[in-house]
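Whatever order the structure lists ligands and atoms in, that order sets their numbers, starting from 1. Residue numbers run from 1 in the order of the sequence given.
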Amino acid sequence: MKILIQKFGGTSVSSIERRKLVANKVLMAKANGYMPVLVVSAMGRKGEPYATDSLLSLIDEKFKEENKLCTDLLLSCGEVLSTVIMCNELSKRGIDCIPLTGGQAGIITDDDYSNANLIKVNTDRLLSILGKGIVPVIAGFQGITEDGYVTTLGRGGSDVSAAIIGAALKASKIEIYTDVDGIMTADPRIVSEASLIEEISYSEVFEFADQGAKVIHPKAVEIAMKANIPLLIKNTMNNSLGTIINNDGENKNSNVITGITHLPDRVQITVSINDNLQNSNYYSLFNILANNEISVDLINIFPTQKIFTIDVEKLECFNSVMKSFDITYNSIKDCSKIAIIGTRMRGIIGIMAKILNCLSEENIQILQTADSHSTIWCLVRTDDTEKAINALHKEFNLG
Ligand code: ADP
Ligand code: MG
C-alpha cells in the first residue's frame with residue numbers, strides 16, 4: 001500500500017470552494033494509486049470564527065494560564081470541526097472517509113500542554129481503517145496523553161502531525177498544501193518578485209523554517225528528514241509542482257543565496273560593565289537568564305559589554321529578573337532578525353560585505369550581525385525590515 005499524507009492548512013479548508021479543491025487533490029492521489037491520509041488544520045486564519053485564535057479568545061487570560069488542560073481541549077476543537085466538515089465534502093464526491101481526533105489516530109504525547117511532545121504513535125486503528133480502503137481525515141495539531149487528556153503540539157502543529165503520521169505509517173510522501181506555490185525565495189507577502197524554489201534540502205529548509213518562514217514547521221522538516229520521507233509543499237488552489245524537499249535538493253540550485261526570511265518581535269539588549277560596577281551578577285548574566293528560561297540569541301560579548309536579543313514576549317519577565325539581580329541595561333524594542341540563507345555560501349568571500357553595502361545604500365541601520373556557514377543574520381529595526389528584505393532579494397538576484 002503506497003500511503004500519501006496530504007495536510008491541508010487553514011486557508012485550504014476555510015470555504016466550500018476550497019474544500020472542493022481539497023477533494024480534487026484526494027481524488028487525484030487515489031487515481032495515481034496512492035492511499036491518501038488527510039491531516040487538517042482549523043478553518044481560516046486569525047479573526048475568522050473557528051480559527052485557533054478565535055477559540056482562544058473565548059476564555060479569560062487568567063483561566064487560560066492556570067488551566068492548561070482546559071485550554072488545550074478548547075484549542076483542539078477547531079481541527080476537530082474541520083475533520084467532520086471535510087468528510088462531508090469528501091463523501092459528496094464518493095470518497096469513503098472517517099474523521100479522527102489526533103488521539104483516535106494514535107498520537108500519544110507527554111502532558112506538556114500547549115507544546116506537547118510525541119511519545120509514540122499507535123497505528124493499529126489507522127492501519128485497520130486503511131486496510132478497508134477508507135480515507136482517514138485526522139485533526140492536526142493535537143494528541144492525547146497516556147491517561148487520555150487532549151494536548152496540542154504548538155503553533156503550526158498540524159505540519160508536525162502530518163510528519164508524525166507519515167513517519168509512523170512509512171508513507172511514500174508527505175504533501176503540505178497551503179496558499180502559496182511552495183517555498184519561495186522570500187515571503188511573497190513581503191517581496192512580490194519572490195520566486196519558487198523547486199527543490200531544496202531538508203537542512204536548508206529547516207533553517208528557513210527555524211528563522212521565521214512559517215510556510216512549514218521546523219519540527220515537521222526534522223521528522224521527515226529522520227524518516228527519509230520526501231516532503232512537498234504545494235498550493236491547494238492550483239496544480240503547480242511546488243517545492244520538493246529531500247536530501248539532494250541543494251545540488252540543483254546554483255545561487256549562492258537560497259532565500260531570505262526574518263523573525264520579528266526581537267528586542268536588542270545591551271548590558272555594559274560601566275553601568276554595573278561592583279555588581280558581581282554582571283558576570284553570571286547568562287546563567288541567570290538560563291535559570292529563568294529566557295532564551296537569547298545574536299550574542300556578542302566584548303570586554304566592556306554584552307549584547308544579545310530576546311523575544312518581546314519574554315521582555316516583561318526579563319525586566320523583573322534584571323530588577324531582582326540589580327542589573328542595569330539598555331534596550332531597543334521593535335527589531336527584526338533577518339536571515340540570509342544559503343548552504344553554498346560556505347567559504348565564499350565578500351558576501352557579508354555585499355550585504356552591508358546593500359543595506360547602507362538603502363540607509364538602513366544594522367544593529368547587529370552574526371554568521372554561520374549557511375546563514376548571515378542582520379538585526380534591523382522593524383520599520384526597516386520589508387525595505388531591507390526587498391533590497392537584499394534584489395542584490396542577490398533572487399527574483
Ligand atoms: P497554512 O495555514 O496553510 O499552514 P501558513 O500561514 O502557516 O499556512 O503558511 C503559509 C504562509 O507562509 C504563506 O501565505 C506565506 O505568506 C508565508 N511564508 C513566509 N515565508 C515564506 C516563504 N519563504 N515561502 C513561502 N511562503 C512563505
Ligand atoms: Mg502553517
Side-chain angles (χ1 to χ4, degrees), residues 5-15 18-19 21-22 25 38-48 50-54 78-79 82 86 139-142 152-163 174-200 204-221 224 231-238 240-245 249 253 255 257-264 336-342 375 385-386 389-390 392-393 396 398-399:
I5 311 295
Q6 297 188 302
K7 179 258 169 177
F8 294 93
T11 48
S12 305
V13 294
S14 62
S15 67
R18 299 268 170 96
R19 291 192 289 273
L21 299 175
V22 170
K25 302 289 180 198
L38 269 61
V39 174
V40 291
S41 296
M43 291 184 285
R45 286 230 168 94
K46 203 169 179 172
E48 294 181 55
Y50 306 109
T52 307
D53 288 289
S54 311
E79 277 71 15
S82 291
M86 200 58 238
F141 174 60
Q142 57 181 261
T152 64
L153 310 178
R155 281 296 155 115
S158 292
D159 296 340
V160 181
S161 304
I174 301 168
E175 294 180 336
I176 306 284
Y177 283 94
T178 184
D179 62 347
V180 286
D181 283 355
I183 301 192
M184 324 272 291
T185 48
D187 186 341
R189 285 186 224 202
I190 295 177
V191 181
S192 54
E193 298 96 65
S195 58
L196 179 69
I197 301 169
E198 287 172 4
E199 198 168 344
I200 186 169
E204 218 168 14
V205 88
F206 179 86
E207 196 71 12
F208 251 79
D210 198 44
Q211 297 301 318
K214 67 173 189 159
V215 61
I216 175 86
H217 195 296
K219 243 192 208 172
V221 180
L231 194 57
L232 287 99
I233 317 287
K234 292 176 163 228
N235 195 334
T236 309
M237 270 70 81
N238 64 35
S240 93
L241 290 176
T243 300
I244 175 150
I245 305 163
N253 196 331
N255 274 342
I257 303 300
T258 306
I260 304 168
T261 183
H262 80 286
L263 270 177
S336 287
K337 187 174 76 165
I338 296 178
I340 299 114
I341 298 166
T375 304
T385 310
E386 298 207 352
I389 294 176
N390 273 287
L392 291 166
H393 196 270
F396 287 101
L398 299 178

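The side chain to side chain donor-acceptor pair (under 3.5 Å) with Asp159 is formed by just one residue from the set Lys7, Lys214, Lys219; it is Lys7. Of the residues listed (Ser158, Ser12, Ser82), the one engaging Ser41 in a side chain to side chain donor-acceptor pair (under 3.5 Å) is Ser158, and it is the only one.
Residue Asp187 places at least one N or O, backbone or side chain, under 3.5 Å from an N or O of ligand 1. For ligand 1, none of its N or O atoms has an N or O atom of Ala213 under 3.5 Å away. Looking at Thr178 next to ligand 1, an N or O pair under 3.5 Å apart turns up. Inclusion of Pro188 in the set of residues having an N or O under 3.5 Å from an N or O of ligand 1 is not warranted. Taking any N or O of Arg189, backbone or side chain, at least one lies under 3.5 Å from an N or O belonging to ligand 1.
For the pair Thr243 (side chain) and Glu198 (backbone), a donor-acceptor distance under 3.5 Å is absent. Remark: side-chain polar atoms of Thr185 are paired, donor with acceptor, to backbone N or O of Ser195 under 3.5 angstrom.
For Lys214, heavy-atom contacts with ligand 1 shorter than 4.0 Å involve the backbone as well as the side chain. Residue-level proximity to ligand 1 for His217 is absent, since no heavy atom of it falls below 4.0 angstrom. Looking at Val215 against ligand 1, both its backbone and its side chain come within 4.0 Å, counting heavy atoms.
Close contacts of ligand 1 with Gly182, meaning ligand atoms under 4.0 Å from a residue heavy atom, involve 24 (N), 25 (C). Taking every heavy atom of Val180 and a limit of under 4.0 angstrom, the matching atoms of ligand 1 come to 13 (C), 14 (O), 25 (C), 26 (N).
Distance from atom 5 (P) of ligand 1 to its nearest protein heavy atom, with residue and atom name: Arg45 NH2, 3.6 Å. Protein heavy atom closest to atom 4 (O) of ligand 1, with residue, atom name and distance, is Lys7 NZ, 3.2 Å. Nearest protein heavy-atom contact of atom 24 (N) of ligand 1 is Met184 N, 2.9 Å. Protein heavy atom closest to atom 13 (C) of ligand 1, with residue, atom name and distance, is Asp179 OD1, 3.5 Å. Of all protein heavy atoms, the one closest to atom 2 (O) of ligand 1 is Gly10 N, 3.2 Å.
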Practice item. Please lay out, stage by stage, how Ile245 and Leu232 fare under the test side chain to side chain contact (heavy atoms under 4.5 Å, CB included). Key: CA-CA 6 Å; Ile245 305 163; Leu232 287 99; over 6 Å; no
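Inspection of the Glu207 and Thr375 side chains reveals an N or O donor paired with an N or O acceptor under 3.5 Å. At a cut-off of 3.5 Å, with distance as the only test, no side-chain donor of Tyr50 or Glu48 sits close to an acceptor on the other residue. If you check the side chains of Thr258 and Glu204, you find a donor sitting under 3.5 Å from an acceptor.
Using 4.0 Å as the threshold, Ala186 has a heavy atom nearer than that to some atom of ligand 1.
Ion pair Arg18/Asp179 not flagged as a salt bridge, since none of the NZ, NE, NH1 or NH2 atoms sits closer than 4.0 Å to an Asp/Glu carboxylate oxygen.
Of all heavy-atom pairs spanning Asp210 and Leu263, the tightest one is O-CD1, 4.2 Å.
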